Amino acid sequence: MAAVLGIGNATLDIIHLVDHYPDENDEVRCCSRLQRCGGNTANTLIVLSQLGVDCRWAGTLAGNAEGRLVADGLTRYGIDISAAEWADAGCMPVSSVILSKQSGSRTITHFRDLPEYGFAAFTAIDLQPFDWLHFEGRNVANVRQMLAAVRQGSPLLRCSLEVEKPREDIESLFPLVDVLLFSRHYARSQGFSEPQALLRSVHAVCPRVDLFCAWGEAGAAALDRDGREYRNAAVTPAKVVDTLGAGDTFNAGIVSGYLEGMDIEVLLARACQLAGNKCGQEGLDGLTF
Ligand code: ADP
Ligand code: FRU
């Protein structure tokens, strides 16, 4: 069984399902309200573990009931949380999500007040059992140290980095990984209106990295280290019911494809299939290709 270490966030997601997205200052009744573990890296690992990958999570948990709830959420999927840091200060990051039944859109307000996962905790992890490390593109200064240490100590260990939001100096991490997973949000923040243009500009400065960019209902694009370009349409489900975590699922699809030794064209198509399946179902439970 392949083994992946994911370094990044787990959050408490409080999801309010509504018939349709409300107007500002409206008062609407929710169809349902549920709480579960979310967060980009946590979601990616939840999907990977259900695809048969052995997963460990490295991130920070608040040492209170909310932290334990998120910890239980991860362990329920068989994800090893032994590398987690339990913080005395702060509270769990919380996302209040409005999920629209009508469109499947997910509107997120996010609150964070928790210490970041530190370099010292990362260096305590034995990386020998892992086939892949997946990093979230945040906590940039610490992640740069982690990646530099991996490059020095385990130069053959493959690493992916999710780049969802523009953050100061995040570009300094790009040459340190094998695979970059960009979001539409990041591409737009850099002035690009289509994924290939972002990928070409990154390839010009990071020629040894495989590049991917998801683009919502327009599917996704890739540009490999040899300069070959790929494009895949979205796989639209019969009804789009829940897009929360579609990007995290897409990333899991890409990583699992590499672990299975697939060509980029094939793994890109499979990741779009998996993310499309996710949009057609509520939550991440039981998700497969
Ligand atoms: P995020 O969840 O980070 O906003 P995206 O919206 O870019 O991510 O979606 C990631 C992937 O999920 C897309 O590349 C696409 O394959 C799939 N996807 C997203 N929205 C839809 C949709 N409405 N229909 C089908 N597939 C979708
Ligand atoms: C979805 C998600 C949610 C989380 C939020 C954090 O991509 O990971 O589960 O609350 O994004 O930004």
Side-chain angles (χ1 to χ4, degrees), residues 6 8-16 34-47 57 59-60 66 69-70 73-74 77 92-100 102-112 114 134 136-139 162-167 181-189 192 194-196 198-199 211-222 230-255 257 267-285 287 289:
N9 267 351
T11 64
L12 179 62
D13 284 1
I14 304 175
I15 301 162
H16 300 93
L34 61 100
Q35 267 183 198
R36 64 165 180 248
C37 169
N40 294 3
T41 297
N43 286 338
T44 296
L45 293 179
I46 286 170
V47 176
W57 176 70
T60 312
E66 288 185 343
L69 204 139
V70 171
L74 290 165
Y77 290 97
M92 276 318 284
V94 176
S95 289
S96 302
V97 182
I98 298 180
L99 183 61
S100 161
Q102 198 177 58
S103 65
S105 76
R106 88 295 179 265
T107 304
I108 305 174
T109 63
H110 187 65
F111 174 75
R112 183 183 172 87
L114 189 69
H134 175 70
E136 199 169 310
R138 54 189 320 289
N139 185 20
E162 183 221 29
V163 184
E164 190 190 56
K165 296 189 181 73
R167 296 185 194 275
L181 301 158
F182 293 103
S183 71
R184 171 165 55 180
H185 177 73
Y186 177 82
R188 284 184 172 152
S189 76
F192 298 102
E194 48 107 16
Q196 285 97 334
L198 167 76
L199 301 185
L211 310 172
F212 296 84
C213 184
W215 210 268
E217 53 299 324
Y230 309 82
R231 192 78 172 84
N232 209 95
V235 179
T236 311
K239 173 150 177 51
V240 175
V241 296
D242 175 9
T243 57
L244 181 65
D248 310 331
T249 302
F250 175 83
N251 293 344
I254 298 292
V255 171
L267 64 85
L268 179 66
R270 267 193 2 144
C272 287
Q273 176 73 58
L274 188 66
N277 294 354
K278 193 265 124 353
C279 295
Q281 70 166 60
E282 233 179 83
L284 301 174
D285 276 359
L287 192 57
F289 289 105

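Nothing here was measured: the structure is a model prediction, and the numbers come from that model. One-based numbering, in listed order, for ligands and for the atoms of each. FYI, side chains are in, hydrogens and waters are out, and symmetry mates aren't considered; it's all heavy atoms of this structure.
The nearest pair of heavy atoms linking Leu99 to Val241 is CD1-O, 4.1 Å.
The shortest contact between atom 3 (C) of ligand 2 and any protein heavy atom is with Asp13 OD2, 3.3 Å. For atom 5 (C) of ligand 2, the nearest protein heavy atom (residue, atom name, distance) is Ser95 OG, 3.8 Å.
Short contacts between ligand 2 and Thr11, defined as distances under 4.0 Å to a heavy atom of the residue, involve ligand atoms 4 (C), 10 (O). Less than 4.0 angstrom separates some heavy atom of Asp248 from each of these atoms of ligand 2: 1 (C), 2 (C), 7 (O), 8 (O). Taking every heavy atom of Ala234 and a limit of under 4.0 angstrom, the matching atoms of ligand 1 come to 25 (C), 26 (N). When each atom of ligand 2 is checked for a heavy atom of Gly38 under 4.0 Å away, the hits are 9 (O). Heavy-atom proximity to Trp215, at under 4.0 Å, picks out these atoms of ligand 1: 7 (O), 14 (O).
In terms of N/O distances under 3.5 Å, ligand 1 is approached by Gly247. At least one N or O atom of Gly216 sits closer than 3.5 Å to an N or O atom of ligand 1. Residue contacts with ligand 1: Gly219 is placed with a nitrogen or oxygen under 3.5 Å of a nitrogen or oxygen of the ligand (distance criterion only).
In this structure, Gly39 has a heavy atom closer than 4.0 Å to ligand 2.
Contacts with ligand 1 closer than 4.0 Å are made by no heavy atom of Glu162, backbone or side chain. Neither the backbone nor the side chain of Thr249 comes within contact range of ligand 1; no heavy atom lies under 4.0 Å. Residue contacts with ligand 1, taken as heavy atom pairs separated by less than 4.0 Å, involve Ala214 via backbone and side-chain atoms alike.
Ionic pairing of Asp248 and Lys278 is not present here: no N-O contact between side-chain nitrogen and carboxylate oxygen is shorter than 4.0 angstrom.
Closest heavy-atom approach to atom 8 (O) of ligand 2 within the set Thr41, Ile14, Asn40: this belongs to Asn40.
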